[in-house]
A.B. asks: 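First, the structure itself, so that you have it in front of you.
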There are 2 protein chains.
Amino acid sequence: MDNHRKQLYEARAKIIKAMAHPTRLWIIDELYYGEKCVCEFVDRIDADFSTISKHLLVLKNAGIVDFEKKGKQVYYRLKVPCILQFMGCVEAVIKSESKTIQKKI
Amino acid sequence: MDNHRKQLYEARAKIIKAMAHPTRLWIIDELYYGEKCVCEFVDRIDADFSTISKHLLVLKNAGIVDFEKKGKQVYYRLKVPCILQFMGCVEAVIKSESKTIQKKI
DNA sequence: ATCTTATTTGGCTATTATACCAAATAACAA
DNA sequence: TTGTTATTTGGTATAATAGCCAAATAAGAT
């Protein structure tokens, strides 16, 4: 594999890795309905403020979300909403898997 | 978040995590063109046999690929090819990111 | 049966990710 | 200024991942 292709896959993996966590997938889903401040996430889920803040940083560093400061609060929003379209295929994998398990039983 | 939603995001994260590695993304790309045996991957990339084998196991456990033994060789194939469609959006994130960096410079 | 080739498995180490706590910062309010 | 709220940052313990080597297994060839 040449260097160009290597870099391509590394760049893609970085973004996909940023999505590869249940809490972050939930955050992405929530952001579909519009921007939200950090405290709104903390309210809705049983997690530490710092934990949510760090998850948001991971998404920010991957270029998936963006934020804006409004007074004391920081509002995050989806930068590239097509991210959500992928979930259809992920669900297809889950369904296909549950079929395979059925067959085995 | 209720337990059902928690499990949903965990199941999704498991699949996405399985994709979140440059070598595995490359494998997925290669499999688009049809099934391949382990040795074909080893030939094409500078990596150990056991490393590739373990990457394939990760994809198998996530339900993304499937395999079939043919004589001495094991052939892997994509089980749910829609996985590839996602890359379009991943590329959109990369492009959006490079634009943001341009603005900063 | 022995040899060879293809692949998986186990073990080890180095690196990275996660979650929680405490402390730091930032903005507004009193 | 001091206090309060929202958020980030740093530290640290723990768990997960990656890659390499050696050994184990499996199938076909001699």
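Residue numbers begin at 1 in each chain, while the letters A, B, ... track the order of the sequences. Just so it is clear, the model here is predicted, and its values are computed rather than measured.
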A.B. asks: Is the backbone N or O of E30(A) less than 3.5 Å from a side-chain atom of K36(A), with the two atoms forming a donor-acceptor pair by type?
C.D. replies: yes

A.B. asks: Please write out the pairs of protein N or O atoms and N or O atoms of nucleotides 15-17 of chain D separated by less than 3.5 Å, giving the distance to one decimal.
C.D. replies:
none

A.B. asks: At under 4.0 Å between heavy atoms, how does the protein contact nucleotides 22-29 of chain D? Give one character per nucleotide, 5' to 3', with B, S or -.
C.D. replies: B---SBS-

A.B. asks: Using a 4.0 Å heavy-atom cut-off, does F41(B) contact any base of the nucleic acid, only the sugar-phosphate backbone, or nothing at all?
C.D. replies: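 The residue F41(B) makes no contact with any strand.
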
A.B. asks: How many whole angstroms separate atom CG of N61(A) from atom C1' of dT16(C)?
C.D. replies: 15 Å

A.B. asks: With a 4.0 Å cut-off, would you call K14(B) and E97(A) a salt bridge?
C.D. replies: no

A.B. asks: Under 4.0 Å between a side-chain nitrogen and a carboxylate oxygen: does that hold for D29(B) and R12(A)?
C.D. replies: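 Yes, D29(B) and R12(A) are salt-bridged.
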
A.B. asks: Indicate whether OP1 or OP2 belonging to dG19(D) is found under 4.0 Å from a side-chain N or O atom of T51(B).
C.D. replies: no

A.B. asks: Please check if the number of heavy atoms outside D46(B) that lie under 6.0 Å from its CG is greater than 12.
C.D. replies: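 Atom CG in D46(B) is not crowded, with 12 or fewer foreign heavy atoms closer than 6.0 Å.
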
A.B. asks: May I ask you to say whether E35(B) pairs ionically with K79(B), meaning some side-chain N is under 4.0 Å from a carboxylate O?
C.D. replies: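 No salt bridge links E35(B) with K79(B).
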
A.B. asks: Hey, any chance I28(A) and Y75(A) share a hydrophobic cluster, counting ILVMFWY side chains that come within less than 4.5 Å of each other, even indirectly?
C.D. replies: no

A.B. asks: Looking at H55(B), I'd like to know whether one of its side-chain N or O atoms comes within less than 4.0 Å of OP1 or OP2 on dG19(D).
C.D. replies: yes

A.B. asks: Ignoring hydrogens and angles, tell me if any N or O in the side chain of E40(A) forms a donor-acceptor pair with the backbone of C37(A) under 3.5 Å.
C.D. replies: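 Checked: pair present.
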
A.B. asks: Counting side-chain heavy atoms from CB outward, which of dT7(D), dT7(C), dT9(C) is closest to Q73(A)?
C.D. replies: dT7(D)

A.B. asks: Just how far, in rounded Å, is C1' of dA26(C) from CD of E68(A)?
C.D. replies: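 Between C1' of dA26(C) and CD of E68(A): 16 Å.
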
A.B. asks: What's the CD1-P distance between I45(B) and dC20(D), to the nearest Å?
C.D. replies: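 Answer to the nearest Å: 11 Å.
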
A.B. asks: In this structure, how many angstroms lie between the P atom of dA26(C) and the CZ atom of F49(A), rounded?
C.D. replies: 16 Å

A.B. asks: Starting at NZ of K54(A) and ending at P of dA19(C), how long is that distance when rounded to a whole Å?
C.D. replies: 10 Å

A.B. asks: Using a cut-off of less than 4.0 Å, is there contact between a side-chain N or O of Y75(A) and OP1 or OP2 of dT7(D)?
C.D. replies: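 Result: no.
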
A.B. asks: So do V80(B) and I64(B) actually touch side chain to side chain, heavy atoms under 4.5 Å?
C.D. replies: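 No, every pair of side-chain atoms sits at 4.5 Å or beyond.
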
A.B. asks: Could you state the CD1-P distance from I52(B) to dC21(D), rounded to the nearest angstrom?
C.D. replies: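 Interatomic distance, CD1 of I52(B) to P of dC21(D): 14 Å.
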
A.B. asks: State which of dT7(C), dG10(C), dT8(D) makes the closest approach to the side chain of V38(B).
C.D. replies: dT7(C)

A.B. asks: To the nearest angstrom, how far is D43(A) atom CG from dA6(D) atom C1'?
C.D. replies: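 Rounded to the whole Å, the gap is 11 Å.
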
A.B. asks: For a 4.5 angstrom cut-off between non-hydrogen side-chain atoms, does I45(A) reach W26(A)?
C.D. replies: yes

A.B. asks: Using whole Å, what does the distance between atom P of nucleotide dT8(C) and atom CG of L59(B) come to?
C.D. replies: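 The distance from CG of L59(B) to P of dT8(C) comes to 12 Å, rounded to the nearest Å.
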
